[in-house]
Protein chains: 2
Amino acid sequence: MKKKRPSLKDIADALNISTTTVSFVLNGKGEEKKISKELIAKVEAHLKEINYKPNLVARSLRTGSTRVLVFMVEDISNSHFSKVGRIIEDISYKNDYRVLFCSTENDVKRTQDLIHLFHERQVDGFIIVPPPGIEKEISYLLENEVPVVLFDRKIPELEADYVIINNFEGAKQSTQHLIDSGYKNIAFITIDLDQIQMHDREAGYIAAIEEAGFSPNILKIPYDTSNIPSSREKIKKFIKESKDIDAIFFATNYLSQSGLKCIHQIDAKLINKLGIISFDDSNFFEMYSPTVSAFAQPVDEMANQLMKIMFNKLKNKEQAVSSKLVLEGTLVTRESSLKK
Amino acid sequence: MKKKRPSLKDIADALNISTTTVSFVLNGKGEEKKISKELIAKVEAHLKEINYKPNLVARSLRTGSTRVLVFMVEDISNSHFSKVGRIIEDISYKNDYRVLFCSTENDVKRTQDLIHLFHERQVDGFIIVPPPGIEKEISYLLENEVPVVLFDRKIPELEADYVIINNFEGAKQSTQHLIDSGYKNIAFITIDLDQIQMHDREAGYIAAIEEAGFSPNILKIPYDTSNIPSSREKIKKFIKESKDIDAIFFATNYLSQSGLKCIHQIDAKLINKLGIISFDDSNFFEMYSPTVSAFAQPVDEMANQLMKIMFNKLKNKEQAVSSKLVLEGTLVTRESSLKK
DNA sequence: GTGAAAGCGCTAACAC
DNA sequence: GTGTTAGCGCTTTCAC
């Protein structure tokens, strides 16, 4: 026998008052609406007693707002993204928003599905790390005036707001740091993806290398989450075949982690001969032996700026204040990039 | 200037037909309701042209169903859970359900919030790996006849359905395998959590050890995601201080991974002297050197059974068919548990 | 101070 | 075959 969930009306009937009154009390507008203290107390007691849970679907239909934001990143298990996610979640909770997380796996089809799914369910805003090829869906959201903030990378053709870092500068500084430590034959291992942040990192590496009068040495791995072992093989082959390399700059933190395993598997002592630096920091790098240097993104600042822009959009739907932010990261030097 | 999103009514008006007709076509009931082929085609063309997206909040309010399920696990980045999650997602999609994933971090407060959040938003069903202390919320859901299936562990006091494995048997088999390989001094490293699956694994270990006439040697690590380094220290200390240990059985895959790092850090050659087996498999174990033996849960079968029970509940809300499943896992022997 | 009632966008029973 | 309409549970304007 099915117990129907109590509705506002059931409560109003039980208490012999109107739904309006119950609704006001429920939303903490009792005082404001000058409902008597006693009535408020009575209603609240009853709400608590029956453990009333409002139907948020109905509320959303009425108010047009779900108070839900989505945070779509490449891979939520990547510590860079999950750290930012965590801060975003905290800020949102404080402002009475919930956050749904999801991983796009950098796959357009999947991302499209996710965007439609959430848009149809009326989420209030999107924070997206856009995979290549997603321009159309993003413009669709923009046309429909759904708040969108891009993160980690921008889409140059699009009038969308974003918070990114200066990838070129970061990569250049990282490479320069290896050069300053005395390394002369610095390889760059990156992901073969046509995305602006990857191009910028590569360009930064090349700029530093050429300024120093060295020659670039680049390995590009296909982006393919399902095929980690084959990436490993490529990295191993590359390292084994280029015996003269004395340092490696990895373009992402997950590449660094794969790379470190490869280096270890080739020869347990090899890690002590190579200079290593990673773009993007990771908890793992502090625990590794040797500790691994990294170019760290300002996680806290990024999350805060992201939410500032998002809340601004949420509040002033009309007013299109364009916010395009390029932040600077910091070089975190640890043992792996000291001169060996 | 805000472009209002078109509603069913806008379409009906534009086409000079009723919302009913549009609704039927939209839901693929055109044929069934004997709407003329031409009209169907016309409506579909229009829907496509304006890129109509139904307001699923309104639909949910009307139908009482969101076609969303939640999958709540300890840590979605744990490969055991994410594998099951992936299969669940696939099955759900085929049945036109979406799945939301979230991590409870084994924290009651967080899990309560999550359950309320989703329940108020009217999700259709919950698949939950219950953290200790969550009994009350689960019974609340059950009382409200919300479909719930527990996973990975049961709550003995509760009349909730579940799909788990035979932890006792698995742990016993794993331990026995190490004994059969000739190890005599087998330690068990587990998590200090008052949860039945952990007790069962410990009991299985002890049973095998005592049958063989050996004595148990157990290390319990506090469950605390935020404090991985201190867990590492405990494991290292334990291994260093018990010089006579010749094998270790880890109670979870994440413990095994921590443990392997510890062993490596103590002495790179140590791994070749110790017998190792892990409860729960992981992709990582096949890549490691040596490859790591594990007691694998039947991921595919678990996910399928889980969804079978869930769909059964979803379809027959009334009929309470109790489904409590205890599946058997399989021992996957790899290099780490061969006699050294 | 409190209540009546409209309406958010959709579905589906019923009417014609 | 297609249209009319009630109603899902809630918020909020307006009336008293």
Side-chain angles (χ1 to χ4, degrees), chain A residues 2-44 46-47 50 52-67 96 119-124 144, chain B residues 2-44 46-47 50 52-67 96 119-124 144:
Chain A
K2 170 93 188 165
K3 225 186 342 181
K4 195 178 128 311
R5 228 168 109 156
S7 73
L8 256 201
K9 183 149 189 325
D10 297 330
I11 294 168
D13 289 350
L15 259 42
N16 255 309
I17 56 177
S18 79
T19 59
T20 314
T21 311
V22 184
S23 172
F24 284 156
V25 174
L26 187 63
N27 294 293
K29 296 192 186 158
E31 307 267 298
E32 187 187 320
K33 298 291 175 179
K34 308 200 183 211
I35 294 174
S36 66
K37 286 233 183 311
E38 305 80 58
L39 225 195
I40 295 183
K42 191 171 142 197
V43 175
E44 279 175 346
H46 188 75
L47 290 176
I50 64 164
Y52 172 72
K53 302 255 181 283
N55 181 329
L56 295 193
V57 170
R59 178 180 289 171
S60 292
L61 177 59
R62 179 62 233 227
T63 61
S65 151
T66 50
R67 297 200 82 81
D96 218 7
H119 180 234
E120 291 177 353
R121 292 211 148 70
Q122 322 289 117
V123 303
D124 291 354
N144 283 271
Chain B
K2 170 92 189 166
K3 224 185 340 182
K4 196 180 126 310
R5 231 170 107 156
S7 74
L8 256 200
K9 182 149 191 324
D10 296 330
I11 295 167
D13 288 351
L15 260 43
N16 254 310
I17 55 177
S18 81
T19 59
T20 313
T21 312
V22 184
S23 173
F24 282 156
V25 174
L26 187 63
N27 293 294
K29 296 191 187 160
E31 307 267 300
E32 187 187 323
K33 298 291 177 179
K34 309 201 180 211
I35 293 175
S36 66
K37 287 232 182 312
E38 305 80 56
L39 225 195
I40 294 184
K42 191 170 143 197
V43 175
E44 279 176 346
H46 188 76
L47 289 177
I50 65 164
Y52 172 72
K53 301 254 180 283
N55 181 330
L56 295 192
V57 170
R59 178 181 291 171
S60 292
L61 177 59
R62 178 63 235 226
T63 61
S65 151
T66 50
R67 298 200 82 80
D96 217 8
H119 181 233
E120 290 177 352
R121 293 210 148 73
Q122 320 289 117
V123 303
D124 291 352
N144 282 270

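Chain letters run A, B, ... following the sequence lines, proteins first and then strands; every chain starts at 1.
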Produce the list of close N/O pairs, under 3.5 Å, pairing protein atoms with atoms of nucleotides 13-16 of chain D; give distances to one decimal.
none

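- Atom CZ of A/R5 and atom C1' of D/dC10 are 12 Å apart (whole Å).
- Phosphate proximity of C/dG9 to B/S7: absent, as no side-chain N or O sits under 4.0 Å from OP1 or OP2.
- If you measure from atom CD of B/Q122 to atom P of D/dG9, you get 9 Å, rounded to the nearest angstrom.
- Distance CD/A/Q122 to CG/A/D124: 9.0 Å, rounded to 0.5 Å.
- Between the CG atom in A/L8 and the CG atom in A/L26 there is a gap of 6.0 Å [rounded to 0.5 Å].
- No side-chain donor-acceptor contact under 3.5 Å links A/R5 to the backbone of B/N144.
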Would A/T20 and A/S23 count as a side chain to side chain donor-acceptor pair (under 3.5 Å) if you check the C-alpha gap in whole Å, the side-chain angles of each, and the deciding distance to 0.1 Å? CA-CA 5 Å; A/T20 314; A/S23 172; over 6 Å; no
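- Between B/R62 atom CZ and A/L61 atom CG the span is 12.0 Å, to the nearest 0.5 Å.
- When the shell of 6.0 Å around CD of A/E120 is examined, it contains more than 12 heavy atoms from other residues, nucleotides or ligands.
- A close approach under 4.0 Å does not occur between any side-chain nitrogen or oxygen of A/N55 and OP1 or OP2 of D/dC8.
- We find that CZ of B/R121 is positioned 15 Å from C1' of D/dG9, with the value rounded to whole Å.
- Of the residues B/L39, B/V43, B/T21, B/L47, the one that meets the side-chain contact (heavy atoms from CB on, under 4.5 Å) test with B/L15 is B/V43.
- The phosphate of D/dT11 has neither OP1 nor OP2 within less than 4.0 Å of any side-chain N or O from A/K29.
- To the nearest 0.5 Å, the span separating CD on B/E31 from NZ on B/K29 amounts to 14.0 Å.
- One can place NZ of A/K34 at 18 Å from C1' of C/dG3, the figure rounded to the nearest angstrom.
- OP1 or OP2 of C/dC10 has at least one side-chain nitrogen or oxygen of B/Y52 nearer than 4.0 Å.
- The side chain of B/N27 lies closest to C/dT11, out of C/dT11, C/dA12, C/dA4.
- For B/L56 and C/dC8, the CG to C1' distance is 15 Å, given to the nearest whole Å.
- Within the 4.0 angstrom heavy-atom criterion, only backbone atoms of the sugar-phosphate kind lie near B/I35; the bases stay farther away.
- OP1 or OP2 of D/dG3 sits under 4.0 Å from a side-chain N or O of B/T21.
- Closest approach to the B/T63 side chain among D/dG9, D/dC10, C/dT11 is made by C/dT11 (side chain taken as heavy atoms from C-beta onward).
- Put simply, OG1 on A/T63 and CG on A/N27 are 10.0 Å apart, with the number rounded to the nearest 0.5 Å.
- Fit an axis to the five pairs at each end of the helix from C/dG1-D/dC16 to C/dC16-D/dG1 and the two axes sit 50° apart, to the nearest 10 degrees.
- A donor N or O paired with an acceptor N or O is found under 3.5 Å between the base of D/dG7 and the side-chain atoms of B/R62.
- OP1 and OP2 of D/dT11 both lie 4.0 Å or more from every side-chain N or O belonging to A/T19.
- The interatomic distance linking B/K9 (NZ) with C/dC8 (C1') rounds to 13 Å, in whole Å.
- Heavy atoms of B/L39 sit under 4.0 angstrom from primed sugar atoms or phosphate atoms, though from no base atom.
- A donor-acceptor pair is defined here as one N or O able to donate and one able to accept, closer than 3.5 Å; no such pair exists between the side chain of B/D13 and the backbone of B/D10.
- In this structure, the CG atom of B/L61 is 8 Å from the C1' atom of D/dC10, given to the nearest Å.
- Between the CZ atom in A/R121 and the OG1 atom in A/T66 there is a gap of 11.0 Å [rounded to 0.5 Å].
- Taking atom CD1 of residue B/I50 and atom P of nucleotide C/dG9, one finds them 13 Å apart after rounding to whole Å.
- B/L8 comes within 4.0 angstrom of a base, heavy atoms only.
- In this structure, the nucleotide among D/dT12, D/dG3, D/dG9 sitting nearest to the side chain of B/I17 is D/dG3.
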